[in-house]
Amino acid sequence: MKKKELRKDFLWGAALSNVQAEGGYLEDGKGLNVYDTLVVTPEPGIESQYSDTKVATDHYHHFKEDIDLMAEMGIKAYRFSIIWSRIHPNGDDEANEKGLDFYEEMIDYMLSKGIEPVVSLVHFDMPDHLMRAYNGFFNKKVIDFYVEHVRCIAKRMNDKVKYWITYNETNLAPYQSDLVAGTNKPDYMSKEEFYSQLYINIQVAHARAVLAIKKEIPDAMVGGMVNYCLFQPATTTSRDMIACEFSHKFMNYLSFDIMTSGYLPEYFVSFMEKRDIECEFNNEEQEDVLKASKELGYLAISYYRSMMVTSYRTIKNESIIDFENNLLWGKGFVQNPLYNASEWNWTIDPDALRLSLIQLHERYHLPIFIVENGIGIKEEMINGKIYDDNRIDYYQEHIQAMKTAIENDGVDVIGYLAWSSIDFLSAHKEMLKRYGFIYINRDVEDLKDLKRYPKKSFYWYKKCIASNGNDL
Ligand code: P53
């Protein structure tokens, strides 16, 4: 039998979230999005706690130079996000042609360099108006605005884009409700009920986006996305293993279970029943979720780290439900002392990537696309050079782990996109936490000259791609 290996057309590349990199604040008809209002213009009297995003790393004005550098690295696929409020400035208004022109020009440019575009349709960037006037995805009308937005993009880009991602990290959305549905939880609702309704609404939005894209572009590959984290039990007790199982289901599998089967899984239904939660999920929505499950092209994941799960805080006098709620709200995670971690305490665990891929493959038997993997590092440029050996080590080990999953475990991985090509503001809105192969000369407050400098890892990744992952 032939040895399993990486596909010949393996999609080596890099990914970016444009709201974290673009800048171009309110230029060419762009409307305010939630990131802008949280970061740049918070409520009067509240000081922004974040680095400036008005300029970010100015990808808006440097995209050709950035794509040229990506082409020089040999990148075959570039995942970026279309900022919703560039296309629909308020979300419920007419499309802004200049916004569509901008992304079309960007796509044409990457195609001219032989780079396959991978388009994310929402990446922390809901138009601010949809949040304020409608309470974001908590309101079903926003699903309609989103689907209209998706249809409009698919129509315009139809013969140019094959790979789509409906929504960045659908599984994290309820935990980041300030980016998705405001903090306006109705008083009569429990946090868990709000979470469940939001979860379902985002699944409906995802499903309708899949159907809208497939209608415009029948051979499109549309993926659903999850941030995958490998959970480990803190002790060898069965109780911690249950905690771990619970975390895997609610954090990792719930989205993909719905997206691939077309139904709400039993564990989610009983979670709601136990808490007397009744969500709105009408027949038409259920039908669309089922239809879309048959059209899903691949599973898109971001992977960064493993996390250790403990139940010990709730062992005494507390019911299993409280223990589940603790985990749901992030209270049951502890640092695993057996591993090194990044400066932000994200555990570095390449074996966990291999195991994650095995788990996904065995549960779903669908192609997997790693659309984010990387490490945030504090970096300083010395005489125009950045020696990011830690980043090279991280990539070397994680790419090796992915290859083992493909070659030894039979997992079907269609591509690997590093996070990221250029530096940008981390999702926690910091400029200090850098992810790029390409350094951008600005710091937290001083925008400097925004010049681009390839780091040592740039040349390492180039070599990795050129050898189809053989020369690590
Ligand atoms: P930063 C939380 C946990 C794991 C992944 O994160 C996450 C998040 C959201 O903050 O999101 C992805 O920049 C996300 C990217 C983000 C990246 O992780 O906080 O899709 O936009 O930059 C890394 O270090």
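Both counts, for ligands and for their atoms, begin at 1 and track the order of listing.
By the criterion of a heavy-atom distance under 4.0 Å, neither the backbone nor the side chain of Tyr175 is placed next to ligand 1. Residue-level proximity to ligand 1 for Arg305 is carried by the side chain, the only part with a heavy atom below 4.0 angstrom. For Phe124, every heavy-atom contact with ligand 1 shorter than 4.0 Å involves the side chain, none the backbone.
Which parts of ligand 1 touch Gln176 is read off a 4.0 Å heavy-atom cut-off, strictly below it: atoms 9 (C), 10 (O). Those atoms of ligand 1 with a heavy atom of Lys433 less than 4.0 angstrom away are 1 (P), 24 (O). Near Glu372, meaning under 4.0 Å from one of its heavy atoms, ligand 1 places the atoms 12 (C), 14 (C), 15 (C), 17 (C), 18 (O), 20 (O). Atoms of ligand 1 found under 4.0 Å from any heavy atom of Asn227 (numbered from 1 in listed order, with element): 4 (C), 5 (C). Of all atoms in ligand 1, numbered sequentially from 1 with element shown, those under 4.0 Å from a heavy atom of His123 are 14 (C), 15 (C), 20 (O), 21 (O). When each atom of ligand 1 is checked for a heavy atom of Tyr304 under 4.0 Å away, the hits are 17 (C), 18 (O), 23 (C).
Comment: Lys185 does not engage Glu193 in a salt bridge, judged by the lack of any side-chain N to carboxylate O separation of less than 4.0 angstrom.
Remark: Arg434 is positioned above the aromatic ring of Tyr439, its terminal NZ or CZ atom under 6.0 angstrom from the ring centre and at most 45 degrees off the axis. Figure legend: Arg363 and Tyr253 shown as a cation-pi pair, the cationic atom lying under 6.0 angstrom from the six-membered ring centre and within 45 degrees of its axis. Judged by the 6.0 Å distance and 45° axis criteria, Arg156 is not positioned over the aromatic ring of Tyr103.
Checked against Tyr195 for a ring-ring contact (aromatic ring centres under 6.0 Å, His included), the options Phe250, Phe138, Trp329 give a single hit: Trp329.
Aromatic pair Phe246/Tyr267: centroids not less than 6.0 angstrom apart. For Tyr134 and Phe145, the ring centers sit closer than 6.0 Å to each other. When ring centroids are compared, Phe424 and Tyr435 come within the 6.0 Å threshold.
Across Ala427, Cys229, Ser17, heavy-atom proximity to atom 10 (O) of ligand 1 is greatest for Ala427. Within the set Trp419, Trp346, Tyr303, the minimum heavy-atom distance to atom 6 (O) of ligand 1 is found for Trp346.
For Gln20, a nitrogen or oxygen atom sits less than 3.5 Å from a nitrogen or oxygen atom of ligand 1, counting backbone and side chain alike.
Residue contacts with ligand 1: Tyr435 is included, with a non-hydrogen atom under 4.0 Å away.
Of the N and O atoms on the side chains of Asp257 and Tyr364, at least one donor lies less than 3.5 Å from an acceptor on the other residue.
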